[in-house]
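In this chain, residues are counted from 1 in sequence order. Everything numeric in this text was worked out from a predicted model, so none of it was measured.
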Amino acid sequence: MKKFILPLIGVLLLVVALTGCNETEVQPVAIDEKNDKCAICQMAVKDDQFATQTHLENGKVLKFDDIGCMHQWMKENQNEKNPIHFVRDYNSKNWIALDKAFFVYDKDIKTPMAYGMVSFEKESDAKQFIEKEGKGKLMKAEELKSHGWDRNKEMMEKMKQEHGGHGDHGHDDADTSHDADGNTHGTDGNHQEHGSTHK
């Protein structure tokens with residue numbers, strides 16, 4: 001019996017090894033500041049620690065200027081199959097899988113769309129940030145699902161004034177929704193393609 005079991009185990013190990021070799025691990029892509037715009041708010045995506053991205057099964061990559069925008073996309077596209085999300089470490093700007101990152105939230109942390117959420121690769125770095133800033137709530141990826149995702153309206157208003165009245169595109173939930181490719185749809189049902197990049 002043993003002489004049959006050992007070859008069988010060998011065959012199974014070979015199959016597992018070959019399957020692993022055929023799998024292509026999804027890797028984050030670089031930010032192109034000249035062309036990339038947020039799939040939700042249409043603002044330019046900067047090559048900074050706030051940028052995030054989502055990879056779809058069809059190979060399309062959606063980029064966001066703020067993790068809050070990415071969460072809005074996730075909320076509106078819950079039926080999307082197997083999306084893979086990446087965020088950036090606040091200190092190094094290294095890409096991290098969303099589910100492996102640690103987060104700090106405070107309404108007064110300045111982020112591109114005033115969601116007040118930053119991400120870290122290490123829990124110790126997140127705690128150090130809270131200690132240094134004297135504010136912030138430590139969160140794990142699982143907790144983001146129950147987070148309120150409220151924006152700091154006062155901060156948003158200040159940023160609008162700094163940018164000549166711009167900075168709130170695509171966030172009026174009553175008027176717009178977005179499909180899996182990040183395209184905007186108005187309440188009249190007309191499809192709106194994204195316009196030019198805003199600086």
Exercise for the section: Give the intermediate values and the outcome of side chain to side chain contact (heavy atoms under 4.5 Å, CB included) for residues Lys46 and Glu33. Expected result: CA-CA 6 Å; Lys46 298 293 185 182; Glu33 289 190 335; 3.9 Å; yes
Exercise for the section: Under the side chain to side chain contact (heavy atoms under 4.5 Å, CB included) rule, what do Val29 and Gln53 come out as? Steps first, then yes or no, please. Expected result: CA-CA 8 Å; Val29 298; Gln53 58 184 265; 3.4 Å; yes
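Atoms CE and CE, on Met113 and Met155 in that order, are 12.0 Å from each other to the nearest 0.5 Å. To the nearest 0.5 Å, atom CG of residue Leu56 and atom CG of residue Leu62 are 4.5 Å apart. Between Thr52 atom OG1 and Met74 atom CE the span is 9.5 Å, to the nearest 0.5 Å. Once rounded to the nearest 0.5 Å, the distance linking CD of Gln72 with CD1 of Ile67 reads 13.5 Å. Here the straight-line distance linking atom CE of Met159 with atom CD of Glu162 works out to 8.0 Å at 0.5 Å rounding. One distance of note links CE of Met117 with NZ of Lys137; it measures 8.5 Å at 0.5 Å rounding.
Residues His71 and Tyr115 fail the side-chain proximity criterion, which asks for heavy atoms closer than 4.5 Å. Residues Phe103 and Val87 are in side-chain contact: their nearest non-hydrogen atoms beyond the backbone lie under 4.5 Å apart. For the pair Ile40 and Met70, the minimum side-chain heavy-atom distance is 4.5 Å or more. Inter-residue side-chain proximity for Phe50 and Asp66 is flagged as unmet; no heavy-atom pair is nearer than 4.5 Å. Here the side chains of Met43 and Lys37 are not in contact, with every heavy-atom distance at 4.5 Å or above. Taking 4.5 Å as the limit, every side-chain heavy atom of Glu121 sits out of range of all side-chain heavy atoms of Trp95. Looking at Asp65 and Cys41, their side chains come closer than 4.5 Å, going by heavy atoms from C-beta outward. The shortest distance between side-chain heavy atoms of Leu98 and Leu144 falls below 4.5 Å.
When atom types are taken as modelled, the side chain of Glu133 and the backbone of Ile130 share no donor-acceptor pair closer than 3.5 angstrom. When atom types are taken as modelled, the side chain of Lys63 and the backbone of Ala30 share a donor-acceptor pair closer than 3.5 angstrom.
For Ile84, the side-chain contact (heavy atoms from CB on, under 4.5 Å) partners at least two apart in sequence or on another chain are Val26, His55, Phe86. Asp32 is linked by a side-chain hydrogen bond (donor to acceptor under 3.5 Å, both in side chains) to Asn35, counting only residues two or more places apart in sequence or in another chain.
Phe102 and Met139 are not part of a single hydrophobic cluster, where members link through side-chain heavy atoms under 4.5 Å apart. In this structure, Leu138 is a member of the same hydrophobic cluster as Ile109, with clusters built from ILVMFWY side-chain heavy atoms closer than 4.5 Å. Clustering ILVMFWY residues whenever any of their side-chain heavy atoms sit less than 4.5 angstrom apart, transitively, puts Val118 in a cluster other than the one holding Phe64. Hydrophobic cluster membership differs between Ile96 and Val104, with clusters built from Ile, Leu, Val, Met, Phe, Trp and Tyr side chains linked at under 4.5 angstrom.
Taking the six-membered ring where the residue is Trp, the centroids of Phe129 and Phe120 are separated by under 6.0 Å.
Ala51 and Val45 make their closest contact through CB-CG1, 3.9 Å (heavy atoms, listed as atom of the first residue, atom of the second, distance).
The environment of CD in Gln128 is sparse: at most 12 heavy-atom neighbours from other residues, nucleotides or ligands sit within 6.0 Å. The neighbour count for Glu154 CD, taken as heavy atoms of other residues, nucleotides or ligands under 6.0 Å away, does not exceed 12. Counting heavy atoms of neighbouring residues, nucleotides and ligands inside a 6.0 Å radius, atom NZ of Lys135 exceeds 12 of them.
Applying the salt bridge (charged side-chain N to carboxylate O under 4.0 Å, His left out) test to every pair with at least one member in residues 87-108, sequence neighbours left out, gives these pairs: Asp47-Arg88.
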